[in-house]
Amino acid sequence: VQLQASGGGLVQAGGSLRLSCAASGRTFSSYFMGWFRQAPGKTREFVAAINWSGPNTYYLDSVQGRFTISRDNTKNTVYLQMNSLKPEDTAVYYCAAKTGGLGYGPSLYHYWGQGTLVTVSS
C-alpha cells in the first residue's frame, strides 16, 4: 500500500488542523493505521492509531481529548483531527500502516507516507 499525507501547515496555538492520509491499494481496510510525529532532534513517536473497522482508537496521552483519528474505508483515507494545538505539537506528521493488531513502535509499521509538517506558533 502507498500512503500520501497532507493537510499540514502553520497554525496559532489553540487552532485546529485536519491531516489526511490517502492510501492506494485494494486492501486498505485490512490495515491497522497510525499517525506518528517527529520533532526536530527527537525520535519519531506514536500519536494515534485506529483498527481496520474504526471503532477502536488509541492515543498518546498528551493528545488524548485534543486529537481524533478516524478512517473512511470507502475513500481509502485516514484522518487526524487536531484541535487545541500547542507549540509542542510542532513536528512532521507521518501516517503509517501495519498488518495485524495495535502497535506503538514505528518499527512495527510496514508502510509510511512522506510526512506533512505541522507548525504551531505561540
Side-chain angles (χ1 to χ4, degrees):
V1 62
Q2 292 183 327
L3 305 175
Q4 180 76 32
S6 62
L10 174 64
V11 64
Q12 289 187 332
S16 298
L17 282 174
R18 188 176 81 155
L19 305 183
S20 298
C21 177
S24 62
R26 295 177 296 173
T27 60
F28 170 77
S29 60
S30 65
Y31 286 92
F32 211 100
M33 299 298 297
W35 284 97
F36 291 78
R37 66 186 181 188
Q38 188 166 13
K42 295 188 177 181
T43 59
R44 193 168 298 187
E45 68 174 351
F46 171 87
V47 175
I50 187 167
N51 71 331
W52 69 272
S53 62
N56 296 331
T57 57
Y58 310 86
Y59 296 96
L60 177 69
D61 285 348
S62 62
V63 308
Q64 179 79 46
R66 299 189 297 121
F67 291 10
T68 303
I69 187 171
S70 61
R71 67 190 295 165
D72 185 340
N73 289 338
T74 66
K75 297 182 179 180
N76 282 7
T77 302
V78 63
Y79 304 97
L80 186 67
Q81 177 67 44
M82 305 186 295
N83 299 328
S84 303
L85 282 161
K86 304 176 181 180
E88 51 264 42
D89 295 319
T90 294
V92 176
Y93 283 72
Y94 299 88
C95 60
K98 67 181 300 292
T99 57
L102 172 65
Y104 291 104
S107 63
L108 299 174
Y109 286 74
H110 311 294
Y111 304 99
W112 290 85
Q114 84 288 4
T116 184
L117 177 63
V118 172
T119 303
V120 184
S121 63
S122 57

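From a predicted model like this one, the values you see are computed outputs, not experimental measurements.
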- Query: Can you name the nearest heavy-atom pair linking Tyr109 to Gly105, along with the distance?
  - Reply: CD1-O, 3.4 Å
- Give the minimum heavy-atom separation between Leu17 and Gly7, together with the two atoms involved.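 In terms of heavy atoms, the two residues are closest at CD2-O, 3.9 Å.
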- Message: Taking disulfide (SG to SG under 2.5 Å) as the cut-off, I'd like each qualifying pair that reaches into residues 29-61, sequence neighbours left out, listed once.
- Response: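 Residue pairs with at least one partner in residues 29-61: there are none.
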What's the separation between atom [atom1] in [X] and atom [atom2] in [Y], rounded to the nearest 0.5 Å?
X      : Y     : atom1 : atom2 : value
Tyr111 : Cys21 : OH    : SG    : 13.5 Å
Asn76  : Met33 : CG    : CE    : 9.5 Å
Phe67  : Leu19 : CZ    : CG    : 8.0 Å
Glu88  : Ser62 : CD    : OG    : 8.0 Å

Would you be so kind as to tabulate the donor-acceptor pairs closer than 3.5 Å made by side chains of residues 90-103, with sequence neighbours excluded?
unit_1, atom_1, unit_2, atom_2, d
Thr90, OG1, Pro87, O, 2.9
Thr90, OG1, Val120, N, 2.9
Thr90, OG1, Val120, O, 3.4
Tyr93, OH, Arg37, NH1, 3.0
Tyr93, OH, Asp89, O, 2.6
Lys98, NZ, Gly101, O, 2.5
Thr99, OG1, His110, NE2, 3.2

- Message: Gln38: which residues meet the side chain to side chain donor-acceptor pair (under 3.5 Å) condition with it, sequence neighbours left out?
- Response: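 Listed in chain order: Arg44.
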- Partner set under side chain to side chain donor-acceptor pair (under 3.5 Å) for Gln81, not counting sequence neighbours: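 Gln81 satisfies side chain to side chain donor-acceptor pair (under 3.5 Å) with Asn83 only.
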- For Pro55, the side-chain contact (heavy atoms from CB on, under 4.5 Å) test, sequence neighbours excluded, returns Asn51, Ser53
- Query: In chain order, what residues pass the side-chain contact (heavy atoms from CB on, under 4.5 Å) check against Ser107, with sequence neighbours excluded?
  - Reply: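 side-chain contact (heavy atoms from CB on, under 4.5 Å) check on Ser107 returns nothing, list empty.
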- Which residue pairs pass the side-chain hydrogen bond (donor to acceptor under 3.5 Å, both in side chains) test when at least one of the two sits in residues 113-122, sequence neighbours left out? none
Side-chain heavy atoms under 4.5 angstrom apart, residues restricted to Ile, Leu, Val, Met, Phe, Trp, Tyr: same cluster for [X] and [Y]?
X     : Y      : result
Tyr31 : Tyr58  : no
Phe32 : Tyr104 : yes
Ile50 : Tyr79  : no

- Atom CD of Gln2 with >12 non-hydrogen neighbours under 6.0 angstrom: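 No, the 6.0 Å shell around CD holds no more than 12 heavy atoms from other groups.
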- Task: Check whether any side-chain heavy atom of Val78 sits under 4.5 Å from a side-chain heavy atom of Trp35, and report yes or no.
- Result: yes
- Supply the members, apart from Leu10, of the Ile/Leu/Val/Met/Phe/Trp/Tyr cluster built from side-chain contacts under 4.5 Å; use none for a lone residue.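 For Leu10, no cluster forms, as it stays isolated from other hydrophobic side chains.
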- Set of ring-ring contact (aromatic ring centres under 6.0 Å, His included) partners for Trp112, sequence neighbours left out: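 Partners of Trp112 under the ring-ring contact (aromatic ring centres under 6.0 Å, His included) test: Phe36.
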- Given Val63, which of Leu85, Thr68, Ile69, Val47 fulfils the side chain to side chain contact (heavy atoms under 4.5 Å, CB included) condition? Val47
